[in-house]
A.B. asks: 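Before I ask anything, here is the structure I am working with.
Residue numbers start from 1 in every chain, and the chains themselves are labelled A, B, ... in the order their sequence lines are given, proteins ahead of strands.
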Amino acid sequence: MSNAPLLEASGLTLRYGPVTALDDVGIEIFPGEVVAIVGESGSGKSTLLRVLSGLLKPEAGTVTYRAPDGEAADIHAMGEAALRRLHRTDWGFVHQNPRDGLRMGVSAGGNIGERLMATGARHYGSIREAATEWLRRVEIDPARIDMLPRQFSGGMQQRLQIARTLVTHPRLVFMDEPTGGLDVSVQARLLDLIRELVADLGLAVLLVTHDIAAARLLAHRLLVMRHGRVVEQGLTDRVLDDPQHEYTQLLVASVLAA
Amino acid sequence: MTIETGYNFGYLDENTKRMIRRALLKAVAIPGHQVPFGSREMPLPYGWGTGGIQVTASVIGPQDRLKVIDQGADDTTNAVSIRRFFAKVAGVATTERTSGATIIQTRHRIPEVKLREGQILVYQVPMPEPLFRLEPRVSETRRMHALADYGLMHVRLYEDIARHGHIAISYNYPVMVGGRYLMSPSPIPAFDNPKMHRMPALQLFGAGREKRIYAVPPYTSVQSLDFEDHPFQPIRANAACALCGARDSYLDEVVTDDKGGRMFVCSDTDYCNTRQAAREAAE
Amino acid sequence: MKTLHEGGPIQTSAPSGAPVIGPPAIQTQGLGKTFTLHLQGSTRIPVLRGVELAVVPGECVALSGPSGAGKSTLMRCLYGNYGAGEGRILLRHRGEEVDLATADPRLVREIRRETLGYVSQFLRVIPRVPTLDIVAEPLRARGVPAEEARARAAALLARLNLPAPLHALPPATFSGGEQQRVNLARGFAPHYPVLLLDEPTASLDAANRDVVVALIAEAKAKGAAIIGIFHDAEVRDRVADRLFHVSPIQAAA
């Protein structure tokens, strides 16, 4: 409870020409915490995710990550090598489109094994074992380990992407609309799988979504963004059941069936 | 010196040679790292050794003795014409003896005889980038080299084992140089890879079309990528040379007639000839 | 009918009859709640004002008052589901007094995990999760090993007359009464020091009502402070030590 935040950002500002994508945004994520950023398209939520994960530099503001040894580092001041190391060890990134997160020409097993191999795993048998175990965990028949992702359905591809991301047991996972392109029935299954894995592994997750029901199911805490600003934030059920800001009330009233 | 040809010594002008030598120095300083250079048009087509020739032309001196091999053989068209080229434009002595050469330009083989200090092995390289089939973006492969981010190469080996039960790369088998850079050894057979490790001779690599030079200085570690439970295995036909009886050399399969007759002979002609001569002398 | 006490440490009777004097497990000070409906021309709807409620360990307080008086709103405020507009909600958590009204979200989660339980009228169904795991989940969150948590969950479900074959199914297709019992099992399993019950017996038959009455009595005996809304007068009279009247603000003002 008293532990320090895993990721901490303040004063993030970014403009695309006349459009303000981020306007003095701050956020904290603590170990094991699932934080959802909700808002409509163009609210700046995906930009925020990219800035927080170091993929995009802000014009102003800092993003600080605290490593397991307690050392805090400014994400945007660290070298590309250090950032990349972070992205393949401590962090994970789940893209909306599985094609952006998978190697479509590499087998399911190879996709899961890549992060292990990138971090020094050199035992084929153990890599294969880990891949088999992770296929099982994301509910893909391990017999399909040598099949290519393009032979999988959209939901399976997304589950494969999650397995590929979680195999190295990251501490912080960024998810950009992970259920975005999927059928509703497939979404529910995926959301539930994410919920289980996140709880089992004690992951911290920063989830960007416009799906209020998904946010309610997964997130402990919610940030509502509009026009590049965080207009409201707090405990998920309180923000959704007792929204204070005009925009949040509109958002909840217009989409909430959850 | 060899003014009769009308060309500068070694064909290339001195400024070009200097430029290439600077690239070579940098390459030697960063073993396995690909250094760009201003590859010139040479009087032979790409794929025939334009990179190797430019490297050789830049390091060769009047006292050198040059050997050129193509797939291990001194007497194939490519080897013969490059050897003649340098005899003409540099007036240097040539040889077919591995041990007698100071510079050996090679296409797709490393001689069987151990090379020694002071010798230079110049490889002709068609594609210097070991990651090119895995990552289509050149900018991304550069970044991967810069960050030593080579997991993808192991993914390729993993896929091989998953599909074939073993690593099915028989030539151009990727290596790590000095524990830092992933390098293509050029299309030499995997059988030759162990010879690169801590070789006393200087190894230079020239890719003319791709305009890259890289190098492995003497006594540098060169490790073939593998898995602990699927260790690298140099592959060799399980036979003895039909001419010299060698069981330790890399063999070519030669079809002898149109009735399915075939035999295995050493791919390294100098090695084979030397062994045959020694046997005759002994008899 | 017992009389209404307000504020401060109060004296009451434990079920055993032994007098208990102690600090309240939960206490509100000047709690108020007003909703502002931005989408309806920023209409302000005051619901609660100056609520002073204190409940000590082992005590069960029933909220009373007419429909629409704000009983459910008060319950939701007490759980932190609605933000407190004004005033304080003091809870004894980990041996210290914390103000739920100002606690940050992480502290609220911790309080809900360890100190504060809530049985709502409706079960929020999580897709695909079996009933047994839904009930065991709060125990797991408190560090109870999986096997033990499931055993305790199964025992409680059995006591609430939910047949074992249903335990492995997600409750989405259950009847209202069955879902209510899953909800009750989930709320009673962890033995929260403070328990909020919103119409816990609304859709139950007589036999199951008796089970709930017994569960409440046991929780009180273990020292739980319970606040409930009971429309069923018979149940209320059996479990509540006193009533706390919530009156509509217009009438009170």
A.B. asks: In terms of heavy-atom contacts, does CD of A:E139 have more than 12 from other residues, nucleotides or ligands at under 6.0 Å?
C.D. replies: yes

A.B. asks: Can you measure from CD (B:E159) to CG (A:L148) and round to the nearest 0.5 angstrom?
C.D. replies: 7.5 Å

A.B. asks: Using every non-hydrogen atom in the two residues, find where A:S107 and B:Y158 come nearest and quote the distance to one decimal.
C.D. replies: OG-CE2, 3.9 Å

A.B. asks: Please check if atom CD in A:E59 has more than 12 non-hydrogen atoms from other residues, nucleotides or ligands closer than 6.0 Å.
C.D. replies: yes

A.B. asks: At their closest point, which heavy atom of B:R143 faces which heavy atom of A:R84, and how far apart are they?
C.D. replies: CD-NH2, 3.4 Å

A.B. asks: Atom CZ of residue position A:R15 - does it have more than 12 heavy atoms of other residues, nucleotides or ligands inside 6.0 Å?
C.D. replies: no

A.B. asks: Does a sphere of radius 6.0 Å around CZ in B:R198 hold more than 12 heavy atoms from other residues, nucleotides or ligands, not counting ones at 6.0 Å or beyond?
C.D. replies: no

A.B. asks: At what distance, to the nearest 0.5 angstrom, does CZ of A:R122 lie from CD of B:E228?
C.D. replies: 9.0 Å

A.B. asks: CG/B:D149 to CZ/A:R88 distance, rounded to the nearest 0.5 angstrom?
C.D. replies: 4.0 Å

A.B. asks: Ring-plane angle category for B:H230 and A:Y124, please: parallel below 30°, perpendicular beyond 60°, tilted otherwise.
C.D. replies: perpendicular

A.B. asks: Between CZ of A:R103 and CD of B:E135, what distance do you get to the nearest 0.5 Å?
C.D. replies: 6.0 Å

A.B. asks: Atom CG in B:D229, atom CZ in A:R128: separation rounded to 0.5 Å?
C.D. replies: 11.5 Å

A.B. asks: Between A:E80 and B:R142, does any side-chain N to carboxylate O distance fall below 4.0 Å?
C.D. replies: no

A.B. asks: Does atom CG (B:N238) have a neighbourhood of more than 12 heavy atoms from anything else shown, all under 6.0 Å?
C.D. replies: no

A.B. asks: What option among A:A121, A:G120, A:G79, A:G109 has the most heavy-atom pairs under 4.5 Å with chain B?
C.D. replies: A:G109

A.B. asks: B:A162 and A:D146: which non-hydrogen atoms are nearest, and at how many Å?
C.D. replies: CB-OD1, 3.5 Å

A.B. asks: Just wondering, more than 12 heavy atoms not from B:Y171 lying within 6.0 Å of its OH?
C.D. replies: no

